[in-house]
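Taking it in order: structure first as structure tokens, then the write-up.
All values below come from the heavy atoms of this structure, side chains included, with hydrogens, waters and symmetry mates left out.
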Amino acid sequence: MVIQATTRVESLAKSGIHEIPKEYIRTQDELTTITDIFDVEKHQEVAQVPTIDLNDITSDDPKIREKCSDELIKAATEWGVMHLVNHRISNDVINRVKAAGESFFDQPVEEKEKYCNDMASGKIQGYGSKLANNACGQLEWEDYFFHLVYPEEKRDLTIWPSTPSDYIPATTEYARQIRSLTTTILAALSLGLGLEEGRLEKEVGGKDELNVQLKINYYPKCPQPELALGVEAHTDVSALTFILHNMVPGLQLFYGGQWITAKCAPDSIIMHIGDTIEILSNGKYKSILHRALVNKEKVRISWAVFCEPPKEKIILKPLPETVSEEEPALFPPRTFHQHMEHKLFRKNGDTVDPK
């Protein structure tokens, strides 16, 4: 069977193939680490991604509030990723967002194509599939829908799905609540650096300039999951990333020199520290290498929200308070756009050292 380069992964998965095209087969080094995600999740006897209870993060009692903040700071320092529970994001809104995203992807590919992006012309928002931009020209086993969701005045609602009807209202409300949670998290992380609590938010654009992007990742069933990746190993360029999923495992973190599978924690949101905060903190907070595995039994869907500084207005570099003779600056000054370009065009051999 000849597969066109523009074929959606969903179409490929439903075409009846038993072997995936060579463009999706990972490098030999990667293949030695790809395992059965269900088996690993059940029997993995290694460190687990920490769970942070945010119930007391805004407590009126300073000691209770500080204890909660300390646990979050410890996870950001040691792992750079965590499950957040009692995060104050409405369960009703979360369920609506997930139902809307699932309904969108349940539509025929032909319907979704009405919202397709065009990377070649710079139209990055919309429905798409990963195009090869690494040295080996490999593709990833996923389709996606990507668009800016906040600030609201910057949105382009013409590329938001009209079906299902709840997509726009549910996603709008979810973005508002995530934006509020971002302020709370950044305040705690600021205090962990010995800064005033509003400092990190100011450094990433403040109330008006911090951009919030949503990417719904759709990972179809894969006939040869031991040969493919849903998303290749990377760190997020964002300040913070928040992830929901449909309780199908797939996220792996590179921690302690090995790939660790994140177990599915009910009623939680996964949060990653992104490169932006790692740079500003001069490496105190970690932006962890991670990837997504696929499987042949279940479709996996995740909703990733990326909180990003403006591309050109801010120079990202370690904050002066984090730099000393004993701890010199670990990162050169770059705009956010320059940092993204640096990562996009890095040599393939730099995968596990992506800064």
Side-chain angles (χ1 to χ4, degrees), residues 1-27 30-31 33-38 98 100-121 123-147 159 161 163 167 213-234 236 243-252 261 290-304 306 344 348 351:
M1 179 183 295
V2 176
I3 302 297
Q4 299 300 319
T6 54
T7 299
R8 298 302 180 196
V9 178
E10 179 185 357
S11 298
L12 191 56
K14 292 179 177 179
S15 68
I17 62 168
H18 299 290
E19 296 181 355
I20 63 175
K22 64 180 186 335
E23 291 84 3
Y24 292 90
I25 298 176
R26 307 308 302 185
T27 65
E30 290 174 300
L31 293 177
T33 68
I34 296 174
T35 51
D36 182 315
I37 193 66
F38 297 115
K98 291 167 76 170
E102 289 171 351
S103 293
F104 173 76
F105 275 98
D106 279 345
Q107 297 178 101
V109 169
E110 295 73 27
E111 284 297 311
K112 296 192 281 276
E113 289 291 356
K114 295 176 181 178
Y115 302 94
C116 70
N117 59 15
D118 183 3
M119 302 295 280
S121 67
K123 181 188 173 187
I124 63 172
Q125 297 191 77
Y127 173 63
S129 304
K130 173 67 178 289
L131 298 177
N133 63 7
N134 57 29
C136 294
Q138 294 152 313
L139 299 176
E140 297 171 334
W141 195 262
E142 73 150 346
D143 299 325
Y144 64 82
F145 193 85
F146 175 79
H147 59 102
I159 59 98
T163 303
Y167 187 95
Q213 317 261 16
L214 171 66
K215 182 169 179 257
I216 307 176
N217 301 296
Y218 184 86
Y219 307 103
K221 299 174 186 178
C222 180
Q224 293 179 298
E226 71 281 3
L227 300 181
L229 286 174
V231 175
E232 66 185 10
H234 68 287
D236 289 347
I243 302 174
L244 300 172
H245 54 78
N246 64 339
M247 293 299 288
V248 176
L251 175 64
Q252 288 197 318
T261 298
H290 57 284
R291 67 184 186 182
L293 267 57
V294 292
N295 71 85
K296 62 171 63 175
E297 299 174 33
K298 296 181 180 179
V299 170
R300 181 171 182 261
I301 308 177
S302 68
W303 290 256
F306 304 100
L344 182 63
N348 197 55
T351 300

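- For the pair R8 and Y127, the distance from NZ or CZ to the six-membered ring centre is under 6.0 Å and the angle to the ring normal is within 45 degrees.
- Considering OH of Y24 and CG of L139, their distance stands at 4.5 Å, rounded to 0.5 Å.
- Under the rule for a side-chain hydrogen bond (donor to acceptor under 3.5 Å, both in side chains), H245 has no partner lying at least two apart in sequence or in another chain.
- Two residues are said to be in side-chain contact when any heavy atoms from C-beta on lie closer than 4.5 Å; E140 and R26 meet this criterion.
- Within the 4.5 Å cutoff, the side chain of V299 has no heavy atoms near those of the F105 side chain.
- Residues satisfying the salt bridge (Lys or Arg N to Asp or Glu O under 4.0 Å) test with K98, not counting sequence neighbours, are none.
- Shown here are the salt bridge (Lys or Arg N to Asp or Glu O under 4.0 Å) partners of K112, two or more places apart in sequence or in another chain: E10.
- From L251, atom CG reaches atom CD1 of I243 across 6.0 Å, with rounding to the nearest 0.5 Å.
- Under the 30°/60° scheme for interplanar angles, the aromatic rings of Y115 and F104 are found to stand perpendicular.
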Note to self: Checking Y219 against N246 for the side-chain hydrogen bond (donor to acceptor under 3.5 Å, both in side chains) test, could you report, in this order, the C-alpha distance in whole Å, the side-chain angles of both residues, the deciding distance, and whether it holds?
What the structure shows: CA-CA 11 Å; Y219 307 103; N246 64 339; over 6 Å; no
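- Between the side chain of N295 and the backbone N or O of E297 there is at least one donor-acceptor pair closer than 3.5 Å.
- L293 places none of its side-chain heavy atoms less than 4.5 Å from the side chain of P225.
- Not counting sequence neighbours, the partners of K114 by the salt bridge (Lys or Arg N to Asp or Glu O under 4.0 Å) test are E111.
- Every residue two or more places apart in sequence or in another chain was checked for a side-chain hydrogen bond (donor to acceptor under 3.5 Å, both in side chains) with T163, and none qualifies.
- Aromatic ring orientation, H290 versus H234: tilted (interplanar angle from 30° to 60°).
- Residues forming a side-chain hydrogen bond (donor to acceptor under 3.5 Å, both in side chains) with K22 (at least two apart in sequence, or on another chain): none.
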